[in-house]
Amino acid sequence: MQLLETLNDKQREAVETTEGAVLILAGAGSGKTRVLTHRAAYLISEKGVDPWNILAITFTNKAAGEMKERIDRLCEEDGGKVWVATFHATCGRILRRHAELLGYTSNYTIYDTDDTKALMKRVLKTLDVDNKMYPERMLLSVISSAKNSFETPDDMYKQAGDYRGRKIAEVYEEYQKQLRANDAMDFDDMLLNTVELFTRFPEVLLSWQERFRYIMVDEYQDTNTVQFEFVRLLASKYGNLCVVGDDDQSIYKFRGADIRNILEFEQYFPKARVIKLEQNYRSSSNILNTANAVIKHNRGRKAKTLWTDKGGGDPVEYREYSTAYDEAEGIVMDIKANLRRFAYGDCAVLYRTNAQSRLFEEKCVLYSIPYKLVGGVNFYQRREIKDIIAYLKTVVGAKDDLSVQRIINVPRRGIGQTTVTRLADYAASEGIDFYEALTCADRISGINSGTAAKIAGFVSVIEGLREVRGSLSIKELVEAVCEKSGYIKELREEKTIEAESRIENIEELINKAAEFPDEPGDMTALSQFLEEVALVADVDTLDDDENRVVLMTMHGAKGLEVPRVDLAGMEEGLFPGYMSISSGDESDIEEERRLCYVGITRAKEKLTLSAARERMVNGETRFSQVSRFIKEIPEEMLETEGKSPRAKSPVLPEYAKYGMGARASGSAAEPRNARPGSVIGSGSAAAYLGKTLETGRLTKLSYGVGDRVRHIKFGEGTVAAIEDGKRDFEVTVDFDRVGSKKLFASFAKLEKI
DNA sequence: TCGAGAATTGTTTTT
DNA sequence: CAATTCTCGA
């Protein structure tokens, strides 16, 4: 039983409780991955469970790979047979098997964010909706949250309070229709459809219940309602469900994650055993105390106190720079100066937004520091990669119009927008696929013979590839696509550095294809390859063994641990972000605070926090105050280059403004508090540090009780009451969608309609 | 049809 | 300051 020897009492309890529902509340760094891997190994080697019957769901593919490897190492039998995958990969694999039952082909396509955006554009065109009034981004996010709460277009239509709401429901309906027509699913659909499959076909559900008798879910705090339902259904026969999570690390509310899944787990599973892991093995006590100091400002969390028997370690540092440039330089130089202690691979720079990465990247290049940038544009989302993938999809015969339209003129074939529109219209009127329309282009009115010949050229490229696909491996097929389509040729002729790196990326894709095990002509394998490619996240490409500084967002850093961490951009308006401050909803701030907690707890030995007083945002210089999260840390816990940060009196730039850039204040959309020349907070050190944060007061509101108003996030509603509070008006609004909320007028930015 | 240059507009976070 | 969209001339 040496499997259990390396575990503490609580961990051991978690491993040994194999039957029934178990909720493991695992604080940051408390060894939850250890518990999960040991639990799987214990099930196999001590309880004699067939690895085939175990399902473990992780948050990223990288985590899945690592967990699989560790389980394998722990047990002599083949732990490799344990199904370890993300929610999306799991659903993808299940759906491949039963797609026909739901009216898809087993060849169905997965649409990523870019694809759905393109599709939405087309939806707006077919419905003749003004995309100024209804931006795609907003529509997609509304649809996504609808899907995450099982809301159909019909439901949405019935619930809609006004014209706008009904219009959005119509868009949702058409969007789904077009997805269907393209035999495609977006990320949300993958989960939704699996749940639908399980509910509509009990015999299918039963077969999977029999398969997965033991289920474990990692990062449970970030599951959404649909994922919860998926897990609940699967576990409802045997009831062996073990979830591991930490409510303090729930950072994906914007993506539909519902923290109630963890807070109310015991209500869903009354017999659930709850086990708390509170000993932290990762961070020094100075770091841990800092994390605790911040997170304790959140309400509505499960009581727990992380502790460690580690010593204090290095003091946590806080550095304030005058510009974001200085900040990047300071951090990078400091990493360089401390190389004896922390190798490049031991360092991570974390920030709130991807946009911040550029400065760090520049400085790393400047001082020739090896770095790895995670996030931003995913490898598989690069244009050239998506083009090749689109070719592959077309060649396999996926009825994905979007893919065909994407590549019909790539490389240049002289087939323009007008022609594509004509073809699409024709296809729509005849009720055929877009590609089919291409094969009879010469019969379509409005297309002249010259254009028809160009289209025929494209068709013959595809047909030629279709003829050979049966005898080629995936790798060879990718090569054939690059060759026959003239894609590589066009890039070569460009002779720019840009084109050069595109070619390199394509070669990288060919390498990936070569690694994929398949027989020549195996179309199922090709579908799998395309699916895998669609579900790769950027963190997945992170290789721990490389000796490079990691640059990424705090979201991306979840699940990671690094000896040295720099948290950059600790400024009000950036972190916590402007949106969370202005929404007037305290729970938004709490989510940011959890993110801060996640960031802090990534560090094992050394943590440095930093802020810049001045930073370029949207081409405008923005001045900010120090993040409230810094102020939540007791002064004596922070070391600030000998001096206390609060004793310093920083010089306030003349046009200091709170939150937004200069343009907004000039736009006169609403009365601004800060006229140029009137410095908020009077420039004294105390005011700068926000002890007496003075946002100025609105003296008049543009709306009154009974007026209809619009809120940037909650949508439309009616003003129920206005109270003249101490420092601001407190406005109570009954929102159509989200119910009644109390907001501060100066933050909420309500718009009268 | 297509490219160059102008204009506009935008901010979280990601499977 | 981008990145994307728009506009216009060839």
Side-chain angles (χ1 to χ4, degrees), chain A residues 57-64 85-92 110-114 116-117 121 131-132 135-138 140-141 144 147-148 185-191 219 222-224 226-227 250-257 324 350-359 374-378 380-381 409 412-421 448 450-451 454 531 534-540 552-558 569 573-583 588 591-592 594-596 598-599 615-622 659-661 663-664 667 712-713:
Chain A
I57 293 190
T58 56
F59 201 68
T60 63
N61 294 298
K62 177 171 180 271
T86 64
F87 270 109
H88 291 272
T90 303
C91 291
I110 298 166
Y111 275 7
D112 69 16
T113 323
D114 285 339
T116 55
K117 228 170 112 191
K121 270 192 191 142
N131 56 343
K132 282 271 174 346
E136 296 112 48
R137 250 180 57 75
M138 165 259 167
L140 284 168
S141 92
S144 175
K147 286 182 179 179
N148 285 329
M185 300 182 196
D186 62 19
F187 288 135
D188 299 317
D189 284 336
M190 296 183 72
L191 303 162
E219 307 285 4
D222 282 319
T223 51
N224 64 35
V226 183
Q227 289 166 334
S250 160
I251 54 174
Y252 282 99
K253 196 169 75 174
F254 70 93
R255 209 174 77 189
L350 307 180
Y351 36 79
R352 176 68 237 265
T353 66
N354 276 308
Q356 289 165 259
S357 68
R358 242 203 51 223
L359 286 175
V374 181
V377 228
N378 185 325
Y380 291 102
Q381 277 169 207
N409 199 31
R412 303 252 111 81
R413 295 188 179 91
I415 305 169
Q417 191 50 56
T418 6
T419 309
V420 172
T421 311
N448 61 38
T451 318
K454 289 173 189 162
E531 174 177 311
L535 295 177
V536 197
D538 214 46
V539 241
D540 297 334
M552 66 173 151
T553 64
M554 286 178 240
H555 280 92
K558 187 163 87 156
L574 183 64
F575 189 40
Y578 175 68
M579 289 299 237
S580 65
I581 297 174
S582 58
S583 83
D588 285 344
E591 170 124 335
E592 298 274 307
R594 289 192 292 268
L595 187 56
C596 184
V598 168
R615 158 183 320 269
M616 284 285 250
V617 178
N618 290 355
E620 302 281 355
T621 307
R622 187 161 90 178
M660 286 192 91
R663 196 179 347 164
S667 72
I712 186 165
K713 187 161 152 231

Length of the CG-P vector between N224(A) and dT15(B), whole Å: 14 Å
R358(A) vs dA2(C): side-chain N/O to OP1/OP2 distance below 4.0 Å: yes
Touch class at under 4.0 angstrom, heavy-atom based, for N409(A) against every strand present: sugar-phosphate
Sugar-phosphate, base or nothing in reach of G577(A), heavy atoms under 4.0 Å: nothing
Under-4.0 Å side-chain N/O to phosphate OP1/OP2 contact, N378(A) with dT15(B): no
Distance below 4.0 Å between K121(A) side-chain N/O and dT5(C) OP1 or OP2: yes
Touch class at under 4.0 angstrom, heavy-atom based, for I415(A) against every strand present: sugar-phosphate
Integer-rounded Å distance: dT14(B) C1' and N61(A) CG: 13 Å
Sugar-phosphate only, base, or nothing, as touched by D188(A) at under 4.0 Å among non-hydrogen atoms: nothing
Residue met sooner reading DNA chain B from 5', once A89(A) and V420(A) are mapped to nucleotides: V420(A)
Touch class at under 4.0 angstrom, heavy-atom based, for R137(A) against every strand present: sugar-phosphate
Sugar-phosphate only, base, or nothing, as touched by Y252(A) at under 4.0 Å among non-hydrogen atoms: sugar-phosphate
